Amino acid sequence: LERTFIAIKPDGVQRGLISEIVSRFERKGYKLVAIKLVVPSKQFAEQHYEDLKERPFFNGLCEFLSSGPVLAMVWEGQGVIKYGRKLIGATDPQNSEPGTIRGDLAIIVGRNIIHGSDGPETAKNEINLWFKPEELVNYAHNSEKWLYGK
Ligand code: GTP
Ligand code: MG
């Protein structure tokens, strides 16, 4: 099954939205395979967002990501990379649909509370950047046969 990297950014943690966000992934049926609370260094944030280094907001974005605790997670499930992004909603909360995490819980693009990998390659890279292999927990979830019918 596919895995994706999801992080609740410092604004989401400080606003007390951890349980709200985790519960949306959990209720959907995705399986949590890794989770930890970390304050990333600025240099680590720059690595995480390295694809955006030419953008004008890059420095502010990396300062922000390293400004406090981030809840780093790996979620597993069929189609979780793409559908996880649907649950999250459009990058700018002004354009995110109601019902999405950003649509329901955020207002501006620079404080959009959550990150999700944007494809299979980035998911793999981000999981490797944020977690050691032994931090990923392999287990069978009781609900799997009900979720997937097998
Ligand atoms: P992530 O899941 O955080 O990677 O967001 P995304 O994939 O929806 O968007 P993208 O990777 O393009 O941008 C990464 C982050 O940079 C966004 O989540 C925003 O917080 C921030 N960002 C993107 N565009 C802008 C912008 O135009 N202005 C500002 N201030 N921040 C931006
Ligand atoms: Mg992105």
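Model, not experiment: these values are computed from the prediction. Read the numbers this way: they start at 1 and go in the same order the structure lists the ligands and their atoms.
- Enclosure of atom CD in Glu134 by more than 12 non-hydrogen atoms of other residues, nucleotides or ligands within 6.0 angstrom is indicated.
- Close approach of ligand 1 to Gly116 (heavy-atom distance below 4.0 Å) involves ligand atoms 2 (O).
- Proximity of Leu52 to ligand 1, defined as any heavy-atom pair under 4.0 Å, is confined to the side chain (atoms from C-beta onward).
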Decide yes or no on side-chain contact (heavy atoms from CB on, under 4.5 Å) for Glu26 and Trp75, but give the supporting numbers first. CA-CA 9 Å; Glu26 202 174 31; Trp75 287 90; 4.1 Å; yes
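- When Ile88, Val109, Leu65, Ile108 are checked for heavy-atom proximity to atom 29 (C) of ligand 1, Val109 turns out nearest.
- Gln47 meets the side-chain hydrogen bond (donor to acceptor under 3.5 Å, both in side chains) test with no other residue; sequence neighbours excluded.
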Please lay out, stage by stage, how Val80 and Arg3 fare under the test side-chain contact (heavy atoms from CB on, under 4.5 Å). CA-CA 7 Å; Val80 68; Arg3 290 176 171 181; 5.6 Å; no
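- Of the heavy atoms in Lys9, only side-chain atoms (C-beta onward) come closer than 4.0 Å to ligand 1.
- With a 4.0 Å heavy-atom cut-off, ligand 1 is reached by the side chain of Leu61 but not by its N, CA, C or O.
- Among protein heavy atoms, the minimum distance from atom 1 (P) of ligand 1 is reached at His115 ND1, 3.1 Å.
- In the model, His141 has no side-chain atom that pairs as donor or acceptor with a side-chain atom of Glu76 under 3.5 Å.
- Contact annotation: for Thr91 versus ligand 1, heavy atoms closer than 4.0 Å belong to both the backbone and the side chain.
- The pair Lys31-Glu144 counts as a salt bridge, with a side-chain nitrogen and a carboxylate oxygen less than 4.0 angstrom apart.
- Residue contacts with ligand 1 for Arg85 involve side-chain atoms from C-beta outward but no N, CA, C or O (heavy atoms, distance under 4.0 Å).
- Residue contacts with ligand 1 for Arg102 involve side-chain atoms from C-beta outward but no N, CA, C or O (heavy atoms, distance under 4.0 Å).
- For the pair Asn112 and ligand 1, the shortest N or O to N or O distance falls below 3.5 Å.
- Heavy-atom distances between Tyr49 and ligand 1 reach below 4.0 Å in at least one pair.
- Ligand 1 does not have Glu126 within reach: every non-hydrogen atom of the residue lies 4.0 Å or more from it.
- A cation-pi contact, defined as under 6.0 Å to the ring centre and within 45° of the axis, links Lys36 to Phe131.
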Between Val13 and Val70, does the side-chain contact (heavy atoms from CB on, under 4.5 Å) criterion hold? Intermediate values first, please. CA-CA 7 Å; Val13 173; Val70 170; 5.8 Å; no
Atom pairs and distances, side-chain donor-acceptor, residues 52-61, under 3.5 Å, sequence neighbours left out:
{"residue": "Asn59", "atom": "OD1", "partner": "Lys42", "partner atom": "NZ", "Å": "2.7"}

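- Atom 22 (N) of ligand 1 has as its closest protein heavy atom Phe57 CE1, 3.4 Å.
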